[in-house]
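In what follows, chains are A, B, ... by sequence order, proteins preceding strands, each numbered from 1.
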There are 2 protein chains.
Amino acid sequence: MAAKQRVVNLSTIRQACSECSLFQLCLPVTLDAEDVEQLEDIVQRRRPLRRGEYLYRAEDPFRAIYAVRAGAIKTTVLSINGEEQITGFHLPGEILGLDAINSGRHPCSAQALETTSVCEIPFDNLEYLATKIPGLQQSLLRIMSKEIFKDHELLYAVAKRSADERLAIVLLSFSNRFGRRGLSRTRFRLPMSRAELSNYLGLAPETMSRLFRRFQEQGLITASGKEIALQDIGALRDLAYGYGCEANQRHLRS
Amino acid sequence: MAAKQRVVNLSTIRQACSECSLFQLCLPVTLDAEDVEQLEDIVQRRRPLRRGEYLYRAEDPFRAIYAVRAGAIKTTVLSINGEEQITGFHLPGEILGLDAINSGRHPCSAQALETTSVCEIPFDNLEYLATKIPGLQQSLLRIMSKEIFKDHELLYAVAKRSADERLAIVLLSFSNRFGRRGLSRTRFRLPMSRAELSNYLGLAPETMSRLFRRFQEQGLITASGKEIALQDIGALRDLAYGYGCEANQRHLRS
DNA sequence: ATAATGCATTGACGTCGATCAAGATGGAGG
DNA sequence: CCTCCATCTTGATCGACGTCAATGCATTAT
(Lines give C-alpha, C1' and ligand atoms only; values in the text may rest on other atoms or scores of the structure.)
Protein backbone atom coordinates (compact mmCIF):
# COMPACT_ATOMS: atom_id res chain seq x y z
CA MET A 1 0.00 0.00 0.00
CA ALA A 2 1.39 3.34 -1.01
CA ALA A 3 2.46 5.67 1.76
CA LYS A 4 -0.26 8.15 2.48
CA GLN A 5 1.30 11.48 1.81
CA ARG A 6 -0.63 13.33 4.44
CA VAL A 7 0.58 16.86 4.82
CA VAL A 8 -0.22 17.68 8.38
CA ASN A 9 -0.73 21.36 8.92
CA LEU A 10 2.72 21.94 7.55
CA SER A 11 2.20 24.86 5.28
CA THR A 12 -1.23 25.87 6.37
CA ILE A 13 -1.95 29.53 6.73
CA ARG A 14 -4.91 31.48 7.89
CA GLN A 15 -7.36 31.99 5.10
CA ALA A 16 -9.03 35.20 4.06
CA CYS A 17 -12.52 34.08 3.10
CA SER A 18 -13.72 37.65 3.11
CA GLU A 19 -11.49 38.45 0.17
CA CYS A 20 -12.00 35.24 -1.72
CA SER A 21 -13.73 35.63 -5.06
CA LEU A 22 -15.25 32.21 -4.61
CA PHE A 23 -16.85 32.92 -1.27
CA GLN A 24 -20.36 33.29 -2.63
CA LEU A 25 -20.06 29.94 -4.36
CA CYS A 26 -18.51 28.25 -1.39
CA LEU A 27 -20.95 29.48 1.24
CA PRO A 28 -23.94 31.05 -0.44
CA VAL A 29 -25.42 32.68 2.65
CA THR A 30 -25.45 35.93 4.42
CA LEU A 31 -22.93 35.94 7.21
CA ASP A 32 -21.97 39.19 8.84
CA ALA A 33 -18.34 40.30 9.04
CA GLU A 34 -17.91 38.92 12.51
CA ASP A 35 -19.15 35.49 11.53
CA VAL A 36 -16.86 35.39 8.54
CA GLU A 37 -13.96 36.25 10.76
CA GLN A 38 -14.71 33.33 13.03
CA LEU A 39 -14.86 31.12 9.99
CA GLU A 40 -11.54 32.37 8.73
CA ASP A 41 -9.99 31.30 11.99
CA ILE A 42 -10.68 27.68 11.29
CA VAL A 43 -10.15 27.54 7.54
CA GLN A 44 -6.66 26.56 6.50
CA ARG A 45 -4.85 26.39 3.24
CA ARG A 46 -2.65 23.48 2.38
CA ARG A 47 0.30 23.14 0.08
CA PRO A 48 -1.07 22.86 -3.47
CA LEU A 49 -1.52 19.35 -4.78
CA ARG A 50 0.28 18.33 -7.93
CA ARG A 51 -1.52 16.45 -10.66
CA GLY A 52 -2.26 12.93 -9.48
CA GLU A 53 -1.73 13.61 -5.79
CA TYR A 54 -4.43 12.55 -3.39
CA LEU A 55 -6.22 14.96 -1.12
CA TYR A 56 -7.51 11.95 0.78
CA ARG A 57 -7.98 8.29 0.08
CA ALA A 58 -10.92 5.99 0.62
CA GLU A 59 -11.02 4.72 4.19
CA ASP A 60 -8.98 7.63 5.49
CA PRO A 61 -10.42 8.96 8.73
CA PHE A 62 -12.58 12.00 8.22
CA ARG A 63 -11.23 15.21 9.69
CA ALA A 64 -12.15 18.02 7.37
CA ILE A 65 -14.13 19.04 4.37
CA TYR A 66 -12.46 20.89 1.55
CA ALA A 67 -13.22 23.73 -0.79
CA VAL A 68 -11.42 23.87 -4.12
CA ARG A 69 -9.65 27.20 -4.65
CA ALA A 70 -8.00 26.51 -7.96
CA GLY A 71 -7.54 23.48 -10.15
CA ALA A 72 -9.82 20.48 -10.14
CA ILE A 73 -10.35 17.28 -8.20
CA LYS A 74 -12.02 14.00 -9.02
CA THR A 75 -13.58 11.74 -6.44
CA THR A 76 -13.61 8.02 -7.10
CA VAL A 77 -14.81 4.83 -5.54
CA LEU A 78 -12.95 1.61 -6.16
CA SER A 79 -14.65 -1.67 -6.90
CA ILE A 80 -13.29 -4.97 -5.68
CA ASN A 81 -11.73 -5.89 -8.98
CA GLY A 82 -9.83 -2.65 -8.92
CA GLU A 83 -11.69 -0.60 -11.48
CA GLU A 84 -12.63 2.88 -10.47
CA GLN A 85 -15.85 4.79 -10.83
CA ILE A 86 -15.63 8.56 -10.81
CA THR A 87 -18.41 9.97 -8.65
CA GLY A 88 -17.72 13.63 -9.17
CA PHE A 89 -15.56 16.42 -10.51
CA HIS A 90 -14.96 19.36 -8.21
CA LEU A 91 -14.10 22.78 -9.59
CA PRO A 92 -13.11 25.99 -7.80
CA GLY A 93 -15.74 27.13 -5.33
CA GLU A 94 -17.08 23.63 -4.81
CA ILE A 95 -17.01 21.59 -1.63
CA LEU A 96 -16.00 17.97 -1.21
CA GLY A 97 -15.76 15.47 1.60
CA LEU A 98 -19.36 15.73 2.76
CA ASP A 99 -20.03 12.08 2.13
CA ALA A 100 -17.65 11.15 4.96
CA ILE A 101 -19.54 12.79 7.79
CA ASN A 102 -21.78 9.84 8.43
CA SER A 103 -19.26 7.05 8.79
CA GLY A 104 -16.28 9.08 9.97
CA ARG A 105 -14.23 7.74 7.07
CA HIS A 106 -13.96 8.90 3.52
CA PRO A 107 -15.92 6.51 1.31
CA CYS A 108 -14.11 7.72 -1.78
CA SER A 109 -10.70 8.97 -2.82
CA ALA A 110 -10.04 12.52 -3.96
CA GLN A 111 -7.29 13.09 -6.49
CA ALA A 112 -6.06 16.25 -8.17
CA LEU A 113 -6.61 16.41 -11.92
CA GLU A 114 -4.13 19.25 -12.23
CA THR A 115 -2.23 21.51 -9.87
CA THR A 116 -4.85 22.25 -7.28
CA SER A 117 -5.12 24.25 -4.10
CA VAL A 118 -7.81 23.73 -1.53
CA CYS A 119 -9.06 25.23 1.69
CA GLU A 120 -9.25 22.76 4.51
CA ILE A 121 -12.09 23.18 6.98
CA PRO A 122 -11.69 20.96 10.04
CA PHE A 123 -15.10 19.50 10.59
CA ASP A 124 -15.17 19.47 14.37
CA ASN A 125 -14.50 23.17 14.40
CA LEU A 126 -17.02 23.80 11.68
CA GLU A 127 -19.68 21.83 13.45
CA TYR A 128 -19.04 23.71 16.66
CA LEU A 129 -19.10 27.03 14.88
CA ALA A 130 -22.37 26.08 13.22
CA THR A 131 -24.05 25.75 16.58
CA LYS A 132 -23.01 29.34 17.29
CA ILE A 133 -23.86 30.82 13.93
CA PRO A 134 -27.33 29.83 12.72
CA GLY A 135 -26.58 31.14 9.25
CA LEU A 136 -23.66 28.78 8.98
CA GLN A 137 -25.67 25.77 10.00
CA GLN A 138 -28.26 26.70 7.45
CA SER A 139 -25.60 27.07 4.83
CA LEU A 140 -24.14 23.69 5.60
CA LEU A 141 -27.49 21.98 5.35
CA ARG A 142 -28.18 23.68 2.06
CA ILE A 143 -24.90 22.66 0.58
CA MET A 144 -25.52 19.08 1.53
CA SER A 145 -29.06 19.21 0.25
CA LYS A 146 -27.82 20.50 -3.05
CA GLU A 147 -25.35 17.66 -3.24
CA ILE A 148 -28.15 15.14 -2.78
CA PHE A 149 -30.22 16.86 -5.40
CA LYS A 150 -27.37 16.87 -7.90
CA ASP A 151 -26.73 13.21 -7.29
CA HIS A 152 -30.35 12.41 -8.07
CA GLU A 153 -30.12 14.32 -11.29
CA LEU A 154 -26.93 12.62 -12.29
CA LEU A 155 -28.42 9.28 -11.43
CA TYR A 156 -31.33 10.00 -13.68
CA ALA A 157 -29.01 11.05 -16.46
CA VAL A 158 -26.94 7.91 -16.28
CA ALA A 159 -29.86 5.56 -15.81
CA LYS A 160 -32.20 6.88 -18.44
CA ARG A 161 -30.31 8.91 -21.00
CA SER A 162 -28.52 7.84 -24.14
CA ALA A 163 -24.83 8.47 -24.57
CA ASP A 164 -25.21 11.68 -26.57
CA GLU A 165 -27.73 13.10 -24.14
CA ARG A 166 -25.33 12.42 -21.29
CA LEU A 167 -22.53 14.21 -23.06
CA ALA A 168 -24.74 17.20 -23.78
CA ILE A 169 -25.78 17.31 -20.13
CA VAL A 170 -22.27 17.24 -18.80
CA LEU A 171 -20.99 19.82 -21.28
CA LEU A 172 -23.75 22.21 -20.27
CA SER A 173 -22.99 21.52 -16.64
CA PHE A 174 -19.39 22.58 -17.12
CA SER A 175 -20.53 25.56 -19.13
CA ASN A 176 -22.60 26.73 -16.18
CA ARG A 177 -19.96 26.09 -13.62
CA PHE A 178 -17.40 28.07 -15.58
CA GLY A 179 -19.95 30.75 -16.31
CA ARG A 180 -20.86 31.44 -12.72
CA ARG A 181 -17.20 31.99 -11.95
CA GLY A 182 -17.20 34.74 -14.54
CA LEU A 183 -15.45 32.67 -17.17
CA SER A 184 -16.73 31.98 -20.65
CA ARG A 185 -19.73 29.70 -20.92
CA THR A 186 -18.83 28.72 -24.44
CA ARG A 187 -15.08 28.24 -24.44
CA PHE A 188 -13.27 26.40 -21.70
CA ARG A 189 -10.70 23.79 -20.95
CA LEU A 190 -11.91 20.55 -19.45
CA PRO A 191 -9.65 19.49 -16.60
CA MET A 192 -10.17 15.78 -17.13
CA SER A 193 -9.25 13.32 -19.84
CA ARG A 194 -11.75 11.79 -22.23
CA ALA A 195 -11.37 8.52 -20.42
CA GLU A 196 -12.26 10.14 -17.11
CA LEU A 197 -15.23 11.89 -18.62
CA SER A 198 -16.50 8.67 -20.12
CA ASN A 199 -15.98 6.83 -16.86
CA TYR A 200 -18.00 9.46 -15.03
CA LEU A 201 -20.86 9.06 -17.48
CA GLY A 202 -20.78 5.29 -17.42
CA LEU A 203 -19.54 4.98 -21.00
CA ALA A 204 -16.56 3.40 -22.74
CA PRO A 205 -13.73 5.75 -23.77
CA GLU A 206 -14.24 4.72 -27.37
CA THR A 207 -17.87 5.75 -27.23
CA MET A 208 -16.84 9.13 -25.86
CA SER A 209 -14.38 9.58 -28.67
CA ARG A 210 -16.97 8.77 -31.30
CA LEU A 211 -19.41 11.13 -29.63
CA PHE A 212 -16.95 14.00 -29.73
CA ARG A 213 -16.44 13.41 -33.42
CA ARG A 214 -20.17 13.27 -34.09
CA PHE A 215 -20.83 16.43 -32.08
CA GLN A 216 -18.19 18.22 -34.10
CA GLU A 217 -19.56 16.93 -37.41
CA GLN A 218 -22.98 18.14 -36.37
CA GLY A 219 -21.58 21.57 -35.51
CA LEU A 220 -22.54 21.34 -31.86
CA ILE A 221 -19.02 21.88 -30.56
CA THR A 222 -15.44 22.23 -31.62
CA ALA A 223 -12.82 20.43 -29.61
CA SER A 224 -9.10 20.22 -29.75
CA GLY A 225 -7.76 18.15 -26.94
CA LYS A 226 -9.23 19.42 -23.72
CA GLU A 227 -10.16 22.79 -25.19
CA ILE A 228 -13.88 22.86 -25.89
CA ALA A 229 -16.02 25.45 -27.59
CA LEU A 230 -19.78 25.10 -27.51
CA GLN A 231 -21.01 26.20 -30.94
CA ASP A 232 -24.71 25.51 -30.65
CA ILE A 233 -25.88 25.68 -27.08
CA GLY A 234 -29.51 25.59 -28.16
CA ALA A 235 -29.07 22.25 -29.85
CA LEU A 236 -27.17 20.93 -26.86
CA ARG A 237 -29.99 21.98 -24.60
CA ASP A 238 -32.48 20.28 -26.84
CA LEU A 239 -30.50 17.12 -26.47
CA ALA A 240 -30.06 17.48 -22.75
CA TYR A 241 -33.50 18.65 -21.70
CA GLY A 242 -35.75 17.35 -24.42
CA TYR A 243 -36.95 19.05 -27.54
CA GLY A 244 -37.22 22.79 -27.41
CA CYS A 245 -38.66 22.95 -23.97
CA GLU A 246 -37.59 26.16 -22.30
CA ALA A 247 -39.13 25.34 -18.97
CA ASN A 248 -37.50 23.08 -16.48
CA GLN A 249 -33.99 24.10 -17.34
CA ARG A 250 -32.50 23.05 -14.11
CA HIS A 251 -29.00 22.17 -15.04
CA LEU A 252 -27.19 19.17 -13.85
CA ARG A 253 -24.66 20.22 -11.20
CA SER A 254 -25.38 23.86 -11.74
CA MET B 1 -53.35 19.83 -13.00
CA ALA B 2 -54.80 17.66 -10.29
CA ALA B 3 -55.82 19.38 -7.09
CA LYS B 4 -53.07 19.09 -4.56
CA GLN B 5 -54.62 17.21 -1.73
CA ARG B 6 -52.64 18.89 0.98
CA VAL B 7 -53.82 17.95 4.41
CA VAL B 8 -52.88 20.89 6.54
CA ASN B 9 -52.36 19.99 10.14
CA LEU B 10 -55.82 18.52 10.16
CA SER B 11 -55.34 15.30 12.00
CA THR B 12 -51.88 15.87 13.32
CA ILE B 13 -51.14 14.76 16.82
CA ARG B 14 -48.13 15.05 19.01
CA GLN B 15 -45.71 12.28 18.35
CA ALA B 16 -44.01 10.05 20.91
CA CYS B 17 -40.54 9.58 19.47
CA SER B 18 -39.31 8.19 22.74
CA GLU B 19 -41.56 5.20 22.36
CA CYS B 20 -41.09 4.71 18.64
CA SER B 21 -39.37 1.49 17.70
CA LEU B 22 -37.86 3.23 14.72
CA PHE B 23 -36.24 6.02 16.67
CA GLN B 24 -32.74 4.62 16.44
CA LEU B 25 -33.07 4.32 12.70
CA CYS B 26 -34.62 7.71 12.30
CA LEU B 27 -32.16 9.66 14.43
CA PRO B 28 -29.17 7.50 15.22
CA VAL B 29 -27.67 9.71 17.89
CA THR B 30 -27.57 10.09 21.58
CA LEU B 31 -30.10 12.64 22.70
CA ASP B 32 -31.04 12.86 26.32
CA ALA B 33 -34.64 12.62 27.45
CA GLU B 34 -35.08 16.36 27.55
CA ASP B 35 -33.85 16.79 23.99
CA VAL B 36 -36.16 14.08 22.75
CA GLU B 37 -39.04 15.80 24.43
CA GLN B 38 -38.29 19.03 22.62
CA LEU B 39 -38.17 17.08 19.40
CA GLU B 40 -41.51 15.45 20.10
CA ASP B 41 -43.02 18.88 20.39
CA ILE B 42 -42.36 19.64 16.77
CA VAL B 43 -42.93 16.25 15.18
CA GLN B 44 -46.42 15.68 13.87
CA ARG B 45 -48.25 12.75 12.48
CA ARG B 46 -50.46 13.12 9.46
CA ARG B 47 -53.41 11.14 8.28
CA PRO B 48 -52.07 7.97 6.63
CA LEU B 49 -51.65 8.11 2.88
CA ARG B 50 -53.46 5.63 0.74
CA ARG B 51 -51.71 3.81 -2.06
CA GLY B 52 -50.98 6.26 -4.85
CA GLU B 53 -51.48 9.42 -2.80
CA TYR B 54 -48.76 12.01 -2.88
CA LEU B 55 -46.94 13.18 0.22
CA TYR B 56 -45.67 16.07 -1.83
CA ARG B 57 -45.19 16.87 -5.48
CA ALA B 58 -42.27 18.22 -7.39
CA GLU B 59 -42.14 22.02 -7.17
CA ASP B 60 -44.18 22.10 -3.98
CA PRO B 61 -42.71 24.56 -1.49
CA PHE B 62 -40.54 22.90 1.08
CA ARG B 63 -41.88 23.02 4.61
CA ALA B 64 -40.96 19.78 6.31
CA ILE B 65 -38.99 16.61 6.08
CA TYR B 66 -40.68 13.31 6.69
CA ALA B 67 -39.91 10.03 8.40
CA VAL B 68 -41.73 6.94 7.25
CA ARG B 69 -43.50 5.16 10.11
CA ALA B 70 -45.17 2.37 8.21
CA GLY B 71 -45.67 1.54 4.57
CA ALA B 72 -43.39 2.70 1.78
CA ILE B 73 -42.86 5.72 -0.41
CA LYS B 74 -41.22 6.23 -3.76
CA THR B 75 -39.64 9.48 -4.85
CA THR B 76 -39.64 10.31 -8.53
CA VAL B 77 -38.45 12.99 -10.88
CA LEU B 78 -40.32 13.67 -14.07
CA SER B 79 -38.62 14.26 -17.39
CA ILE B 80 -39.96 16.67 -19.93
CA ASN B 81 -41.55 14.01 -22.08
CA GLY B 82 -43.46 12.81 -19.04
CA GLU B 83 -41.64 9.64 -18.16
CA GLU B 84 -40.66 9.22 -14.56
CA GLN B 85 -37.43 8.13 -12.97
CA ILE B 86 -37.64 6.68 -9.49
CA THR B 87 -34.84 8.11 -7.38
CA GLY B 88 -35.51 6.21 -4.20
CA PHE B 89 -37.68 3.90 -2.13
CA HIS B 90 -38.24 4.88 1.46
CA LEU B 91 -39.09 2.30 4.10
CA PRO B 92 -40.04 2.71 7.75
CA GLY B 93 -37.39 4.53 9.75
CA GLU B 94 -36.08 6.36 6.72
CA ILE B 95 -36.14 10.09 6.09
CA LEU B 96 -37.15 11.88 2.91
CA GLY B 97 -37.40 15.44 1.69
CA LEU B 98 -33.79 16.41 2.38
CA ASP B 99 -33.13 17.23 -1.24
CA ALA B 100 -35.50 20.19 -1.00
CA ILE B 101 -33.59 22.17 1.61
CA ASN B 102 -31.35 23.90 -0.85
CA SER B 103 -33.87 25.32 -3.27
CA GLY B 104 -36.84 25.62 -0.94
CA ARG B 105 -38.91 23.50 -3.29
CA HIS B 106 -39.21 19.77 -3.62
CA PRO B 107 -37.28 18.65 -6.68
CA CYS B 108 -39.09 15.33 -6.74
CA SER B 109 -42.50 13.92 -5.98
CA ALA B 110 -43.17 11.48 -3.15
CA GLN B 111 -45.93 8.94 -3.60
CA ALA B 112 -47.16 6.16 -1.32
CA LEU B 113 -46.64 2.64 -2.63
CA GLU B 114 -49.10 1.27 -0.12
CA THR B 115 -50.98 2.59 2.89
CA THR B 116 -48.32 4.67 4.56
CA SER B 117 -48.04 6.82 7.64
CA VAL B 118 -45.33 9.37 8.14
CA CYS B 119 -44.06 11.76 10.77
CA GLU B 120 -43.86 15.31 9.59
CA ILE B 121 -41.00 17.41 10.91
CA PRO B 122 -41.41 21.10 10.06
CA PHE B 123 -37.99 22.17 8.91
CA ASP B 124 -37.90 25.66 10.35
CA ASN B 125 -38.54 24.25 13.78
CA LEU B 126 -36.05 21.48 13.31
CA GLU B 127 -33.39 23.89 12.17
CA TYR B 128 -34.00 26.11 15.15
CA LEU B 129 -33.93 23.18 17.50
CA ALA B 130 -30.67 22.01 15.96
CA THR B 131 -28.97 25.22 16.96
CA LYS B 132 -29.99 24.49 20.54
CA ILE B 133 -29.17 20.81 20.61
CA PRO B 134 -25.70 20.06 19.18
CA GLY B 135 -26.47 16.36 19.04
CA LEU B 136 -29.41 17.04 16.79
CA GLN B 137 -27.39 19.15 14.41
CA GLN B 138 -24.81 16.43 14.23
CA SER B 139 -27.49 13.87 13.58
CA LEU B 140 -28.96 15.92 10.78
CA LEU B 141 -25.62 16.34 9.10
CA ARG B 142 -24.94 12.64 9.37
CA ILE B 143 -28.23 11.66 7.89
CA MET B 144 -27.61 13.94 4.95
CA SER B 145 -24.09 12.69 4.55
CA LYS B 146 -25.35 9.15 4.46
CA GLU B 147 -27.81 10.10 1.80
CA ILE B 148 -25.02 11.48 -0.37
CA PHE B 149 -22.97 8.39 0.18
CA LYS B 150 -25.81 6.09 -0.76
CA ASP B 151 -26.45 8.08 -3.90
CA HIS B 152 -22.84 7.66 -4.95
CA GLU B 153 -23.08 3.95 -4.43
CA LEU B 154 -26.28 3.71 -6.37
CA LEU B 155 -24.78 5.78 -9.13
CA TYR B 156 -21.88 3.40 -9.35
CA ALA B 157 -24.25 0.45 -9.44
CA VAL B 158 -26.34 1.85 -12.25
CA ALA B 159 -23.43 3.17 -14.26
CA LYS B 160 -21.10 0.21 -14.09
CA ARG B 161 -23.01 -2.91 -13.20
CA SER B 162 -24.83 -5.38 -15.40
CA ALA B 163 -28.53 -5.99 -14.96
CA ASP B 164 -28.14 -9.09 -12.80
CA GLU B 165 -25.60 -7.40 -10.56
CA ARG B 166 -27.99 -4.51 -10.05
CA LEU B 167 -30.80 -6.83 -9.06
CA ALA B 168 -28.56 -8.66 -6.60
CA ILE B 169 -27.49 -5.34 -5.10
CA VAL B 170 -31.00 -4.07 -4.62
CA LEU B 171 -32.28 -7.34 -3.18
CA LEU B 172 -29.49 -7.34 -0.61
CA SER B 173 -30.24 -3.73 0.15
CA PHE B 174 -33.84 -4.55 0.98
CA SER B 175 -32.69 -7.57 2.94
CA ASN B 176 -30.58 -5.32 5.14
CA ARG B 177 -33.22 -2.71 5.55
CA PHE B 178 -35.79 -5.27 6.64
CA GLY B 179 -33.22 -6.98 8.82
CA ARG B 180 -32.29 -3.94 10.83
CA ARG B 181 -35.95 -3.43 11.67
CA GLY B 182 -35.95 -6.89 13.20
CA LEU B 183 -37.73 -8.51 10.28
CA SER B 184 -36.47 -11.45 8.30
CA ARG B 185 -33.49 -10.82 6.06
CA THR B 186 -34.41 -13.70 3.81
CA ARG B 187 -38.17 -13.50 3.39
CA PHE B 188 -39.96 -10.26 2.76
CA ARG B 189 -42.55 -8.54 0.67
CA LEU B 190 -41.35 -5.90 -1.74
CA PRO B 191 -43.61 -2.86 -1.60
CA MET B 192 -43.11 -1.92 -5.25
CA SER B 193 -44.07 -3.47 -8.55
CA ARG B 194 -41.60 -5.10 -10.89
CA ALA B 195 -41.97 -2.17 -13.21
CA GLU B 196 -41.04 0.27 -10.44
CA LEU B 197 -38.08 -1.81 -9.44
CA SER B 198 -36.84 -1.95 -13.00
CA ASN B 199 -37.36 1.77 -13.42
CA TYR B 200 -35.31 2.44 -10.31
CA LEU B 201 -32.46 0.32 -11.64
CA GLY B 202 -32.58 1.83 -15.11
CA LEU B 203 -33.85 -1.34 -16.79
CA ALA B 204 -36.86 -2.31 -18.85
CA PRO B 205 -39.67 -4.19 -17.08
CA GLU B 206 -39.18 -7.12 -19.44
CA THR B 207 -35.56 -7.39 -18.43
CA MET B 208 -36.55 -7.43 -14.79
CA SER B 209 -39.03 -10.19 -15.43
CA ARG B 210 -36.44 -12.31 -17.19
CA LEU B 211 -33.97 -11.69 -14.41
CA PHE B 212 -36.42 -12.89 -11.77
CA ARG B 213 -36.94 -16.05 -13.75
CA ARG B 214 -33.21 -16.64 -14.16
CA PHE B 215 -32.52 -15.99 -10.49
CA GLN B 216 -35.16 -18.55 -9.59
CA GLU B 217 -33.83 -21.09 -12.07
CA GLN B 218 -30.37 -20.61 -10.57
CA GLY B 219 -31.75 -21.15 -7.07
CA LEU B 220 -30.79 -17.69 -5.87
CA ILE B 221 -34.29 -16.69 -4.86
CA THR B 222 -37.86 -17.80 -4.92
CA ALA B 223 -40.49 -15.25 -5.77
CA SER B 224 -44.21 -15.27 -5.99
CA GLY B 225 -45.57 -11.88 -6.80
CA LYS B 226 -44.06 -9.41 -4.42
CA GLU B 227 -43.10 -12.05 -1.87
CA ILE B 228 -39.40 -12.74 -2.11
CA ALA B 229 -37.25 -15.33 -0.38
CA LEU B 230 -33.49 -15.13 -0.72
CA GLN B 231 -32.27 -18.72 -1.03
CA ASP B 232 -28.58 -18.20 -1.58
CA ILE B 233 -27.38 -14.98 -0.06
CA GLY B 234 -23.76 -15.95 -0.58
CA ALA B 235 -24.23 -16.22 -4.31
CA LEU B 236 -26.13 -12.93 -4.37
CA ARG B 237 -23.28 -11.27 -2.54
CA ASP B 238 -20.80 -12.68 -5.01
CA LEU B 239 -22.83 -11.12 -7.77
CA ALA B 240 -23.22 -7.83 -5.99
CA TYR B 241 -19.77 -7.35 -4.53
CA GLY B 242 -17.53 -9.37 -6.80
CA TYR B 243 -16.39 -12.93 -6.52
CA GLY B 244 -16.11 -14.37 -3.05
CA CYS B 245 -14.62 -11.26 -1.55
CA GLU B 246 -15.66 -11.02 2.06
CA ALA B 247 -14.06 -7.66 2.65
CA ASN B 248 -15.68 -4.44 1.58
CA GLN B 249 -19.20 -5.59 2.18
CA ARG B 250 -20.64 -2.19 2.46
CA HIS B 251 -24.18 -2.62 1.34
CA LEU B 252 -25.98 -0.32 -0.91
CA ARG B 253 -28.48 1.70 1.06
CA SER B 254 -27.72 -0.19 4.24
C1' DA C 1 16.38 13.16 -33.27
C1' DT C 2 14.60 9.01 -31.61
C1' DA C 3 12.48 6.06 -28.56
C1' DA C 4 9.15 5.28 -25.23
C1' DT C 5 4.93 6.05 -22.94
C1' DG C 6 0.26 7.18 -22.43
C1' DC C 7 -3.95 8.85 -24.26
C1' DA C 8 -7.08 9.43 -28.22
C1' DT C 9 -8.97 7.71 -32.44
C1' DT C 10 -10.90 4.48 -35.67
C1' DG C 11 -12.77 0.14 -37.34
C1' DA C 12 -14.79 -4.52 -36.92
C1' DC C 13 -17.54 -7.25 -34.30
C1' DG C 14 -20.32 -9.16 -30.53
C1' DT C 15 -23.59 -8.79 -26.90
C1' DC C 16 -26.62 -7.09 -23.53
C1' DG C 17 -30.63 -5.23 -22.89
C1' DA C 18 -34.49 -2.26 -25.19
C1' DT C 19 -38.37 -2.58 -27.96
C1' DC C 20 -42.28 -4.57 -30.10
C1' DA C 21 -45.88 -7.75 -29.92
C1' DA C 22 -48.60 -11.34 -28.04
C1' DG C 23 -50.30 -14.05 -24.36
C1' DA C 24 -50.77 -15.22 -19.32
C1' DT C 25 -51.90 -14.10 -14.75
C1' DG C 26 -54.22 -12.11 -11.14
C1' DG C 27 -56.72 -8.85 -8.41
C1' DA C 28 -60.91 -5.67 -8.09
C1' DG C 29 -65.51 -5.11 -8.86
C1' DG C 30 -69.97 -6.42 -10.37
C1' DC D 1 -68.61 -16.76 -10.66
C1' DC D 2 -67.18 -14.06 -14.45
C1' DT D 3 -65.38 -9.72 -16.53
C1' DC D 4 -62.10 -6.34 -17.02
C1' DC D 5 -57.97 -4.12 -16.60
C1' DA D 6 -53.34 -3.77 -15.13
C1' DT D 7 -49.31 -6.11 -14.49
C1' DC D 8 -46.38 -9.62 -15.50
C1' DT D 9 -44.36 -12.97 -18.66
C1' DT D 10 -42.36 -14.79 -22.81
C1' DG D 11 -40.53 -14.72 -27.42
C1' DA D 12 -38.44 -12.49 -31.49
C1' DT D 13 -35.88 -8.85 -33.25
C1' DC D 14 -32.91 -4.89 -33.34
C1' DG D 15 -29.76 -1.41 -32.16
C1' DA D 16 -26.74 1.04 -29.08
C1' DC D 17 -22.81 0.59 -26.92
C1' DG D 18 -18.93 -2.31 -25.12
C1' DT D 19 -14.92 -4.93 -26.37
C1' DC D 20 -10.93 -6.01 -28.89
C1' DA D 21 -7.30 -4.65 -31.72
C1' DA D 22 -4.60 -1.66 -34.51
C1' DT D 23 -3.05 2.86 -35.38
C1' DG D 24 -2.19 7.75 -34.65
C1' DC D 25 -0.58 11.52 -32.00
C1' DA D 26 1.60 14.15 -28.45
C1' DT D 27 4.62 14.61 -24.63
C1' DT D 28 8.63 13.32 -22.11
C1' DA D 29 12.86 10.93 -21.53
C1' DT D 30 17.17 9.10 -23.66
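Atom-to-atom, CD of Glu217(A) to C1' of dT9(C) comes out at 12 Å; the value is rounded to the nearest Å. Straight-line distance from the CG atom of Leu190(B) to the P atom of dC8(D): 11 Å, rounded to whole Å. Rounded to whole Å, atom C1' of dA6(D) lies 11 Å from atom NZ of Lys226(B). Atom CG in Leu167(B) sits roughly 16 Å away from atom C1' in dC16(C) (whole-Å rounding). If you measure from atom CD of Glu165(A) to atom C1' of dC17(D), you get 14 Å, rounded to the nearest angstrom. As rounded to whole Å, 17 Å separates atom C1' of dT9(C) from atom CZ of Phe215(A). Rounded to whole Å, atom C1' of dA8(C) lies 13 Å from atom CD1 of Ile228(A). Straight-line distance from the CG atom of Asn199(B) to the P atom of dG17(C): 17 Å, rounded to whole Å.
Taking both residues in full, the closest heavy atoms of Ser145(B) and Asn102(A) are given as OG-N, 2.9 Å, listed atom of the first, atom of the second, then distance.
Within residues 203-213 of chain A, the residues that place at least one heavy atom under 4.0 Å from DNA chain C are, in residue-number order, Glu206(A), Ser209(A), Arg210(A), Arg213(A).
Ring orientation note: the planes of Tyr56(A) and His106(A) are close to parallel, at an angle under 30° on the 30°/60° scale.
Cation-pi geometry between Arg185(B) and Phe178(B) is not met: the NZ or CZ atom fails to fall both under 6.0 Å from the ring centre and inside 45° of the normal.
The side chain of Arg194(B) lies closest to dT9(D) when the candidates are dG17(C), dT9(D), dT7(D).
Salt bridge Glu120(A)/Arg69(A): absent, no basic N to carboxylate O contact under 4.0 Å.
Listed by chain and residue number, nothing satisfies the salt bridge (Lys or Arg N to Asp or Glu O under 4.0 Å) test with Arg51(B) (two or more places apart in sequence, or in another chain).
More than 12 heavy atoms of other residues, nucleotides or ligands sit less than 6.0 Å from atom CZ of Arg181(B).
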